[in-house]
Amino acid sequence: MSWFDSIIATNAKTLSKISTTLRLGAGATWPGEIALTVKPNILSSLLSGLRKGIIIVAGTNGKTTTARMIVTILEAQGLRVIHNASGANLLNGIVSALINKADWRGQVSADWGVFEVDENSLPQFIKSIKSIKSKVVLVLLNLFRDQLDRYGEVDVISEKWQKSLESLNNVKIIANADDPLIAYLASSASRPGPSFAQATAGRLEASTRFFGLDDPSQFQKKIEHATDSTFCPTCGTRLLYEGYYYSHIGIWKCIKCKTKRPPLDVSECDYPLPGLYNRYNTLAAVAASQVLDIKQETISEALAGFVPAFGRQEEFTIDGKKVKIFLSKNPTGFNQSLRTILDLGAKHLLLVLNDRIPDGRDVSWIWDVDFELLTQDEHVITVSGDRVYDLALRLKYANLNQFFVEPNLHHALKQSLDVSSKSETLYILATYSAMLDVRKLLTGRKIL
Amino acid sequence: MSTYGDRGNIICLEKRCEWRGIEARVTQVTLETPVRELKSCDLIFMGGAQDRQQKLAGDDFLHHKGPVVKAMVEQGVPALFVCAAYQFVGHYYQPYQGDKIPGAGIFDLYTVHPGDQKKRLIGNVVAELSCQLSAVSCQLKTIVGFENHGGKTYLNENPKSQIPMTKPLAKVIKGFGNNGEDGYEGAVYKNSIGSYFHGPLLPKNPHIADWLIAKALEMKYGKIIPLENLDDSLEWQAHSQML
Ligand SMILES: [Zn+2]
């Protein structure tokens, strides 16, 4: 790191300290923003301070949980890890995380950097690590439709990823075999030249490891609506599925070009969190840890004590009543949360829909959520949030006619708690900013 | 083709029929669906799609189902075309680079993409319905939705040569609409509607949903069949919230 970089990093660090003191939020991204403006290649300089390497976690859903699991495992191994806060997954957030851990000279001192990276920022991030000599592990989880107004569509993102992955060498890729598009991207990146069909037919080079599920008992009986890439990424033919786990994730093949789900390297382990989507997050973390030569014992022990990130199945006890928050930010995530809480026997539900910038301004996606899974007799439901009436309307058209509509979140929370008894759990499904608001109320204990 | 809450339009039509005791069956038209099945429909909906899917469905639609849908629309079968489908039923789509992509030529309109660097037209939209739909009995003359499109759509390719049969659906009050320039949103031709509104369009605009249902009944039975009133207080509350 040059003297100039050090000055910027230290200055930005001072700013970051001030922002923390002034309670502007510890996860503020603007120190990184400033540093990036002054010195666009600051990221490569900072990253070169990582002794062992970089682990990147990318995908629409599950980034935060997977990255956190990897951090937990690495720390159990006694390694020093730097990682970015959940949600701060654009370049400025990553730079801020590094600056925060830099010393007075602006130098980073840690073994590993574990970063969750936003879908759209991934190509740019990959560009800044090209010159890095240390190890790079890239974990590719999935690609679902997110809020359309924030991101390009899945196809556009996958094209950008493909281009940038082609430019990488010396990278270990950990990829979800059950997501056809991810499998395709990982295969074409790990072996440029031969076709995807050839690549999946034989064993791949050791540079890509695939995780996935081999558990037909988990196949969905009815296909959810929020399905994206059902067409063969290689030839465009409609894919044939032996079974769907959720959304377009499943055991797939193409009858035309013979491409099929690649053989799995990791397909089972102990799962610390409920929900099928968390199985994938866990498998990804395990697969990543294995390529870092961490012992199976260490991995299992670390995961057994895993504490989820805030808002991801986070538990609270309010007045002797249990509350569990499920961040549910897009149709796939929402469907997964619904399925998981129904498996857990949920009776009391609070659903909160906001349409602020971090949630996405477009709420059309709620019509792709299978609220038809809920029934009048079994579930006591309250809806709230900035777009409470949109959510209420969605429920009405899902055959539900008795539920509470409460625009005021504070009242909605109090009301939901009032109607549940001490032995019951209140399940809260909320979009991003709504989840933060719910937490604020719960941790502030303002409601009672 | 269904993405971005398009299913909401189908659910809305289905439920509003069901609640009135009107029997309705939904048939999903895919690449493999035979033409005679499409011909048997009394109401058509087409929505947006991702590029990959759009290309596949687009080629098929243009060559096989497009002419059938065109003939049905000409006969007065009601149809709703949203977003990508709305662009597709025009004469053509002019991408930023490359040749014009021909459309189905059902509506007298065309779409131009001004370039990747141009800002997409994104956000909540409110518009006031124009006279064509005034037969609809409703409390409000507005429509609300969410738009998100890069292409700009213009009605009436040759305004001088013919009487424009394709008319704007509404006048924009808040947002961009067809192109962000002339202040119009959507298009109406015979009993068919084209629109950029997601949201999805129909649940928060029950008057549009009922207009389509009423037209479908009228065409099927050859006479005007009044629709039973429904309790739409929640629908209008969600609608008013956006005004
Ligand atoms: Zn294929």
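Each chain gets a letter, A, B and so on, in the order the sequences are listed, and its residues count up from 1.
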Of Asn354(A), Asp355(A), Leu351(A), which meets side chain to side chain contact (heavy atoms under 4.5 Å, CB included) against Thr431(A)? Asn354(A)
Side-chain ion pair, Lys329(A) and Asp359(A), N-O less than 4.0 Å: no
So what's closer than 4.5 Å to chain A heavy atoms on Gln241(B): side chain, backbone, both or neither? side chain
Is chain A contacted by the side chain of Asn124(B), its backbone, both, or neither, given a heavy-atom distance below 4.5 Å? side chain
In short, Phe81(B) meets Val69(B) closest at the heavy-atom pair CZ-CG1, 3.9 Å
Kindly write out the residues that satisfy side-chain contact (heavy atoms from CB on, under 4.5 Å) with Lys152(B), not counting sequence neighbours, or none if the list is empty. Pro114(B), Leu121(B), Tyr154(B), Asn179(B), Glu181(B)
Of the listed Met242(B), Glu147(B), Glu18(B), the one with the largest count of heavy-atom pairs under 4.5 Å with chain A is Met242(B)
Top of Val363(A), Ile366(A), Leu391(A), Asn399(A) for chain B proximity - count of heavy-atom pairs under 4.5 angstrom: Asn399(A)
Heavy-atom pairs under 4.5 Å with chain A: which of Glu235(B), His239(B), Lys15(B) has the most? Glu235(B)
Under a 4.0 Å N-O cut-off, is there an ion pair linking Glu119(A) with Lys160(A)? no
Taking Pro203(B), Gly145(B), Gly123(B), Ala238(B) one by one, which has the highest count of heavy-atom pairs under 4.5 Å against chain A? Pro203(B)
